[in-house]
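Read the structure below first, then the notes.
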Amino acid sequence: ALEIGHDLGAALMTVRALESERALVRELKRLEDYRSQLIATLSHELRTPLAVILGNLELLGELDLDDGAARHHRAMSRGAGRMNKVVDDLLLLAQVGDPRHPLVRIPVDLGRTAADVLGLIGSTAEAKGVRIRRQGGEAVPAALVVDGDPVELDRMLSNLVSNAVKYTPAGGVVTIDLQRDGEAVVVRVVDDGLGISEEDQAGLFRAFFRTTNPAALREQGTGLGLAIVATVVERHAGTVRVTSTLGSGTTFTVRLPAAGAPGLPETR
Ligand code: ADP
């Protein structure tokens, strides 16, 4: 009887522990929902007045301003432009982080996506004196096609490439390498820039994370770019990892299931 009593007591404790664990999970989920709702609402509400500010700044810029006014105008335009980028990133992060937001699934050729991204970032890189090289993907047509959302995948790749350019000093090289590896498409973005310390690598994909490296902090940023990368990759049933050495460069490797390969969850 003693033994049975002991077993019952242990079982009861397990049930209680399970119940409080479930309550904790429910509470965490509620907080997470609240957080993404708050971000979505705030960024949405900010977007309209910001569009008014940007539009009027543009009109002001067409007027014949004296030197003093032109200086103020430039400062305001820079500030408003930066705010616009933060609001845009926040909205996208809220959207891709919301499990109710459906994932678009159409065939996307990552070779094309890379060409589009390079077309946009190429001139910034050139102005800075950073060379961009493109590797792989020539062999088999359709080898680099994945099923997914073209807008999200474009943003994922452009965040990685623009970071590589941003955190690589003049004279550096950024390589974008696209390969088919069995059932996966592998995208590598390699730079020989500032690199990331091991300590910083641990927090890299968290929203609002910025490095502790003073050289990197001189660049403007929101700390949202890599959080968007991680969420987009996860939504596409892929993985992203980073290898980096402080002072000598960084490689981000993204693996996504190739079109038709198993692994991508059914459309929600
Ligand atoms: P942001 O660039 O807007 O600060 P991200 O989320 O894109 O935000 O990146 C987070 C941090 O990771 C950056 O502040 C930077 O310190 C570091 N980082 C990202 N990519 C690189 C890279 N290619 N080389 C060095 N540091 C990087």
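Atoms within a ligand are numbered from 1 in the order they appear, just like the ligands themselves. Bear in mind that the values here come from a model prediction, so they are computed numbers and not experimental data.
With respect to Arg71 and Asp67, no salt bridge is recorded, no charged nitrogen being found less than 4.0 Å from a carboxylate O. The pair Arg210-Asp200 fails the salt-bridge criterion, with no side-chain N (NZ, NE, NH1 or NH2) lying under 4.0 Å from an Asp/Glu carboxylate O. Ion pair Asp89/Arg155 flagged as a salt bridge, since at least one NZ, NE, NH1 or NH2 atom sits closer than 4.0 Å to an Asp/Glu carboxylate oxygen. Using a 4.0 Å cut-off between charged side-chain N and carboxylate O, Glu19 and Arg16 make no salt bridge.
The residue Leu194 has no part lying near ligand 1, judged by heavy-atom distances below 4.0 Å. Residue Gln220 does not touch ligand 1, judged by heavy-atom distances below 4.0 Å. Contact annotation for Thr222 and ligand 1: heavy atoms of both the backbone and the side chain come within less than 4.0 Å of the ligand. Of the heavy atoms in Leu224, only backbone atoms (N, CA, C, O) come closer than 4.0 Å to ligand 1.
Shortest contact from atom 23 (N) of ligand 1 to any protein heavy atom: Asp191 OD2, 2.9 Å. The protein heavy-atom contact nearest to atom 12 (O) of ligand 1 is Leu204 CD1, 3.3 Å. Nearest protein heavy-atom contact of atom 26 (N) of ligand 1 is Ile196 CG1, 3.3 Å. At the top of the distance list for atom 4 (O) of ligand 1, counting protein heavy atoms only, stands Arg210 NE, 2.8 Å. Ranking the protein heavy atoms by distance from atom 1 (P) of ligand 1 puts Gly223 N, 3.5 Å first.
Under the 4.5 Å side-chain contact rule for hydrophobic residues, Met83 and Ile39 do not share a cluster. No single ILVMFWY cluster, assembled from side-chain heavy atoms under 4.5 Å apart, contains both Leu217 and Tyr167.
Note that CZ of Arg241 is 9.0 Å distant from OG1 of Thr251, once rounded to the nearest 0.5 Å.
Every atom of ligand 1 is numbered from 1 in the order shown, and the set under 4.0 Å from a heavy atom of Thr211 is 14 (O), 16 (O). Numbered from 1 in the order shown, with element, the atoms of ligand 1 that lie under 4.0 Å from a heavy atom of Lys166 read 1 (P), 2 (O), 3 (O).
Here the shortest heavy-atom pairing between Glu152 and Val232 reads O-CG1, 3.7 Å. For Val174 against Val130, the heavy-atom pair with the smallest separation is CG2-CG1, 3.8 Å.
The heavy atom nearest to atom 19 (C) of ligand 1, considering only Asn163, Leu217, Asp200, is found in Asn163. The option with the heavy atom closest to atom 21 (C) of ligand 1, from among Phe208, Phe205, Tyr167, Phe209, is Tyr167. Within the set Leu226, Asn213, Leu246, the minimum heavy-atom distance to atom 9 (O) of ligand 1 is found for Leu226.
In this structure, Ala164 has a heavy atom closer than 4.0 Å to ligand 1.
Side-chain contact between Gln220 and Lys85 is absent, with no heavy atoms from C-beta onward closer than 4.5 Å.
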